[in-house]
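Okay, here's the structure, questions in a sec.
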Amino acid sequence: MASLKGKNLIVPGDKSITHRAYFFGAFSQGKSRIINPSTALDCQSTIECLSKLGLGFEFSEGKVFLTCDGINSLVTPDSTLFAGNSGTTLRLMMGLLAGRPFSATIDGDESLRRRPLKRISDPLRQMGADFDLSNEHTAPVTVHGNSLEGQFFELEHASAQVQTAIILAGLQAEGETSCVVPNKVRNHTLNMLKHLDIPARSSSPLQLGVFGLKSPIAPFEIVVPGDISSAAYFLVAAALLAGSQVSIDNLGIDTGRVLVLDVLARMGANIEITNKRLASQEPVATVSLTHQNRLDGITINARDLASGIDELPILALAGALCKGKFEVRGASELRHKESDRLSLLVENLKNAGVKIESHGDNFEIDGADSVPGGTLWKTAGDHRIAMTGMIANLLFERPVEIDDTDCIAISYPDFSADLAAMFI
Ligand code: S3P
């Protein structure tokens, strides 16, 4: 078997942080600079939607310049805002538009039209906005913006998207808006509020609150760190392929995103984190992984899932090849991503010869020292399932046939080329 080698690797800018930089740009007056933005199609969807609302975007190598004249300069779009495949674009847009004095419709592709929106529309309705949704509470959604009143929310779901939509509405509301999530989520919204000098209250890691802004924020510069969700594919592959050694520079290691590192370390992987620092209030570091022994089985509990929900598909491959049992408990949110990732994972891995069983929202893998493969790998157009299939092809005895790899551009357009460059 070949191995993965790469020193000083760089993965694309973080998708979550890039979306937030563009959305917060809607509150600014002047020209801001976003350095190392994500190249993902999802972030392109955010740019297209914000452009229709009147924001200006200019592009140069590794940078995006964003121009806005304050939140009150946003205009009624002349057509439907199309969020493509991007749940973050759709949900954050609902929060942004909730406080605007006009109505606008947001739609997306077939997958986006299946994603639950009641978790967003319910709190935003309580603040004063209104929404027309399908009978299943999905897109297309028409947002009827209104003047908003600050509210306190205790959220049912540990969702950074819901939290951020509420914060974007809260910045336009009268008084204070605050929400508490049931488990830890990514901290990018809090980090960005700090970086932009917007007063925010976070009395515990689960709570975040803001006050309505009285004036536009100053133009800003944000340096986006590498996306740990993209790096996860290389880290897991290196942990499983003998002789591998990778080091990834400038990688975002927010505590709400590091499940993949924690899980690999608990499984016995040799991970080193050096050169820790803050970039635009985001913790970044060089993360190195040197292949050591076969990984051990572990259990991942529900309360930890939000800090790596997008990495569970690739982590399941580590489970398939571990020594012992790999269990994931309470992964109901996996069913509501770009696809029902829980069902697809179980189906694909079972077909490939992995001993995997699911009971409700839990799954359990009996690790083996090899996986036969040679089967069909269904993606349902889900980029993370497709990239997991590509890594499976380095690990299984026979390659799987991935039914769609074009969807990978949704988060990581250069994934195949970057992977090929380090596979020797
Ligand atoms: C994201 C939050 C997560 C994640 C998504 C990006 C974000 O979704 O799965 O890919 O940028 O806030 P939820 O917050 O709905 O869990």
Side-chain angles (χ1 to χ4, degrees), residues 12-24 37-38 40-43 45-46 83-96 108 111-112 114-123 137-139 153 155-168 179-193 206 208 222 224-225 227-232 252 254-260 282 302-315 330-342 361 382-385 387-388 407-408 410-412:
D14 189 273
K15 184 156 84 74
S16 285
I17 299 172
T18 304
H19 279 299
R20 283 161 175 75
Y22 297 157
F23 274 97
F24 277 101
S38 164
L41 288 186
D42 270 3
C43 295
S45 295
T46 290
N85 189 252
S86 175
T88 310
T89 307
L90 170 59
R91 288 167 169 162
L92 269 50
M93 196 52 81
M94 288 170 71
L96 182 76
S111 145
L112 197 65
R114 282 196 293 266
R115 303 198 54 189
L117 299 182
K118 193 167 165 0
R119 55 181 67 187
I120 306 267
S121 57
D122 276 357
H137 306 283
T138 51
F153 298 104
L155 303 182
E156 186 189 335
H157 303 279
S159 165
Q161 290 181 351
V162 177
Q163 177 207 57
T164 307
I166 290 172
I167 294 297
L168 291 171
C179 58
V180 177
V181 284
N183 291 307
K184 197 163 170 39
V185 298
R186 57 196 69 199
N187 296 296
H188 306 316
T189 302
L190 170 63
N191 296 342
M192 201 163 289
L193 288 164
L206 302 184
L208 182 58
I222 286 178
V224 182
D227 195 326
I228 193 166
S229 299
S230 299
D254 169 49
T255 52
R257 292 288 292 280
V258 287
L259 183 77
V260 60
E282 284 288 341
R303 67 169 179 275
D304 298 322
L305 294 182
S307 59
I309 191 82
D310 294 337
E311 287 68 79
L312 283 183
I314 186 65
L315 281 171
S332 57
E333 280 299 297
L334 257 195
R335 298 194 183 279
H336 304 295
K337 295 296 173 185
E338 286 81 334
S339 67
D340 174 350
R341 287 182 178 157
L342 184 49
D361 296 326
D382 184 329
H383 54 123
R384 301 217 185 270
I385 300 289
M387 287 186 278
T388 300
C407 60
I408 288 173
I410 286 165
S411 65
Y412 193 168

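When a ligand or atom number is given, it counts from 1 through the structure's own listing order. Because the structure is a prediction, the values reported are computed rather than measured.
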Is it the case that over 12 heavy atoms from other parts of the model lie below 6.0 angstrom from the CZ atom of R303? no
When you look for protein heavy atoms under 4.0 Å from ligand 1, which residues do they belong to?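 Within 4.0 Å of ligand 1, protein side: S16, R20, T88, R91, S159, A160, Q161, R186, I309, D310, K337.
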Short N-O contact, D227 and K15, less than 4.0 angstrom: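 Salt bridge between D227 and K15, a charged N being under 4.0 Å from a carboxylate O: no.
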Basic-acidic side-chain contact under 4.0 Å: R257, D14: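 Counted as a salt bridge, because a side-chain N and a carboxylate O are separated by less than 4.0 Å.
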Side-chain (T18) to main-chain (S38) donor-acceptor, under 3.5 angstrom: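 Such a contact is found between T18 side chain and S38 backbone.
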If the threshold is 4.0 Å, N to carboxylate O, is there a salt bridge linking K184 and D304?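 Salt bridge absent between K184 and D304.
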So, are D382 and K337 salt-bridged, with charged N and O less than 4.0 Å apart? no
